[in-house]
2 protein chains.
Amino acid sequence: MISLTEENYLKALFNLANHAGEVNVNELSKQLDIKMPTVTSMMKKLAGKKLVYYESYKPLRLTEKGKREASLVIRKHRLTEMFLAEKMGFGWEEVHDIAEQVEHVQSAAFFDKINELLGFPKLDPHGAPIPDKNGKLAWVAYDKLSDCHVGETVRVSAVVHTSSEFLKFLNNREIKLGTRIKIKSIESFDSSMVISYDNRPAETLSHAVCERLLVEKKV
Amino acid sequence: MISLTEENYLKALFNLANHAGEVNVNELSKQLDIKMPTVTSMMKKLAGKKLVYYESYKPLRLTEKGKREASLVIRKHRLTEMFLAEKMGFGWEEVHDIAEQVEHVQSAAFFDKINELLGFPKLDPHGAPIPDKNGKLAWVAYDKLSDCHVGETVRVSAVVHTSSEFLKFLNNREIKLGTRIKIKSIESFDSSMVISYDNRPAETLSHAVCERLLVEKKV
DNA sequence: CTAAGATGTTAGAATAATCTAACAAAATAT
DNA sequence: ATATTTTGTTAGATTATTCTAACATCTTAG
Ligand SMILES: [Mn+2]
Ligand SMILES: [Mn+2]
Ligand SMILES: [Mn+2]
Ligand SMILES: [Mn+2]
């Protein structure tokens, strides 16, 4: 049995993993707002459960079992977010905090029903893919808007690090998934972008914003 | 802040309270499947939070604050049950176990939305009243079917101690809230009742069943 | 009214999850 | 290459929730 606390560690490990699947104790500590010694002792515990590979002073890595369990928690989280947004009428900026709690419900029937009522969605309200029942995740590689060039037209496909504040910022400008953005110019001194979309007046987006908007070029 | 564990104790205290609002340590211990010494120490803790009146060897009683907090947990439980049944398609025998977990979500917006989507229901799927936002509960005094007499026609209005098994038993016989039952005869040796309803063949219900069906006589 | 039995409390310990302080190792910057 | 900073671990303590064993009180059946 995996406790609520352990589920949160697994989820964070999965989300922080770099290309090589590695996470540092310090990063995990910051992500969870839990002190490093606590993280170290939890890692030893998860290693005992064969969910994490742990060696002193080495980066942390989820085992295959750990990846699967983490994906299943992420599945519950994203299905919940989608249900809150699509079936209950919450905004995409509201769903994360509630899903953070509901994701820990232990009832396969509950999440199966949500999945069914939603018509087996592939993506959550932030454009993130929903892992399947075996924990398999179909990762699509989007581009950051900040990596695109002047003159290109792109489609907003996902948002990263979806703080409520960032999503409200996008709401205020009516930027959502599917919005087609044309890049008018890029200020070289701060990498901010002047863009146009939806027949609205031109907007300037800071580099911080452009980095968090994931887009597709082939629209 | 009231923890998940404390919420469960409060709920059990509220549900077990007799006419005088009293609960014994032993009953509470059995209800929660937690040993008596643990219950005693938790009662001291809740007394410290002014949620329970506690005196050694005396029956336990919720304070007014305790009653309100307990009612608010029960509100979350019953709204969840109703949502699971009405909006998600779960059977009344399935909703309790899931609601037992979802009731601990801390988000007023979540339960307000559920309430709104349901159209502000007054009763849960088992006929139990849903407390209002202030924890006020409109208790209706129903009769047990077992207290009714031969020849009477009554309407099933609620079920008590809603174990999944009992509810499946009722499902098998198509007895639900609203079913109009006519009492054909009562066996004096075991108090079982022969009843008819919905143009179905006569059924015999044991005393144990009749005690758990709450009915209204004025249909 | 007393002896059992049931109920309730105290004491001491365990587990899970967290912390601070101190120390150790690794990475970085002169 | 050494000193400094950052990162990670160990040790020891704390809080929340639970348990068993032993003892105390209350209730009930002769
Ligand atoms: Mn969580
Ligand atoms: Mn999301
Ligand atoms: Mn509960
Ligand atoms: Mn109910």
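The structure presented is a predicted model; accordingly, all values stated were derived computationally and were not measured. Sequence lines set the chain letters: A, B, ... in the order given, protein chains first and strands last, and positions in each chain run from 1.
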Undergrad: Less than 6.0 angstrom separating the ring centers of B:His96 and B:His126, yes or no?
TA: no
Undergrad: Grab the CE-C1' distance between B:Met42 and C:dT10 for me, whole Å please.
TA: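 These atoms are roughly 18 Å apart.
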Undergrad: Need one value for A:Ser41: base, sugar-phosphate or nothing, where a base atom within 4.0 Å counts as base even if backbone is also close, heavy atoms only.
TA: base
Undergrad: Is B:Tyr9 close enough to D:dA16 that one of its side-chain N or O atoms is under 4.0 Å from OP1 or OP2 there?
TA: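 Result: no.
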Undergrad: Could you tell me if the side chain of A:Arg61 sits less than 4.5 Å from the side chain of A:Val52, heavy atoms only?
TA: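 Not in contact.
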Undergrad: Can you tell me if the side-chain N/O atoms of B:Lys44 get under 4.0 Å from OP1 or OP2 in C:dT10?
TA: yes
Undergrad: Would you call A:Arg78-A:Glu81 a salt bridge at under 4.0 Å N-O?
TA: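 Not counted as a salt bridge, because no side-chain N and carboxylate O are separated by less than 4.0 Å.
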Undergrad: Starting from P on C:dT7, measure out to CD on B:Glu27 and report it in whole angstrom.
TA: 10 Å
Undergrad: Calculate the interatomic distance between A:Lys30 atom NZ and D:dT6 atom P; express it in whole Å.
TA: 9 Å
Undergrad: If I take atom NZ in residue A:Lys49 and atom C1' in nucleotide C:dT15, what distance separates them, rounded to the nearest angstrom?
TA: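 In whole Å, C:dT15 C1' and A:Lys49 NZ are 12 Å from each other.
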Undergrad: Using whole Å, what does the distance between atom C1' of nucleotide C:dG8 and atom CD of B:Glu22 come to?
TA: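 Atom-to-atom, B:Glu22 to C:dG8, this comes out as 15 Å.
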Undergrad: Counting only heavy atoms not in B:Lys136, do more than 12 fall under 6.0 Å of its NZ?
TA: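 Check fails, neighbour count at 12 or below.
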Undergrad: If we count only N and O atoms by modelled type, under 3.5 Å, do the side chains of B:Asn171 and B:Trp92 hold a donor and an acceptor together?
TA: yes
Undergrad: Measure from NZ or CZ of B:Lys113 to the centre of the six-membered ring of A:Phe90, then state whether that distance is under 6.0 Å and the direction lies within 45° of the axis.
TA: yes
Undergrad: Take atom CG of A:Asn26 and atom C1' of D:dT9, then tell me their distance rounded to the nearest Å.
TA: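 In whole Å, D:dT9 C1' and A:Asn26 CG are 13 Å from each other.
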Undergrad: Does the plane of the ring in A:Phe169 sit parallel, tilted or perpendicular to the ring in A:Phe166? Use 30° and 60° as the thresholds.
TA: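 Judged by the thresholds at 30° and 60°, the geometry between A:Phe169 and A:Phe166 is parallel.
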Undergrad: Tell me: CD1 of B:Ile34 to P of C:dG8, nearest whole Å?
TA: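 Result: 16 Å.
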Undergrad: So, is A:Thr40 near the phosphate of D:dG8, with a side-chain N or O under 4.0 Å from OP1 or OP2?
TA: no
Undergrad: Answer yes or no: does a side-chain N or O of A:Tyr54 lie under 4.0 Å from OP1 or OP2 of D:dT9?
TA: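 Result: yes.
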Undergrad: Between protein and nucleic acid, restricted to nucleotides 20-28 of chain D and to nitrogen or oxygen atoms under 3.5 Å apart, what atom pairs and distances do you find?
TA:
from: D:dT25; atom 1: O4'; to: B:Tyr57; atom 2: OH; distance (Å): 3.3

Undergrad: To the nearest angstrom, how far is B:Glu6 atom CD from D:dA16 atom P?
TA: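 In whole Å, D:dA16 P lies 9 Å from B:Glu6 CD.
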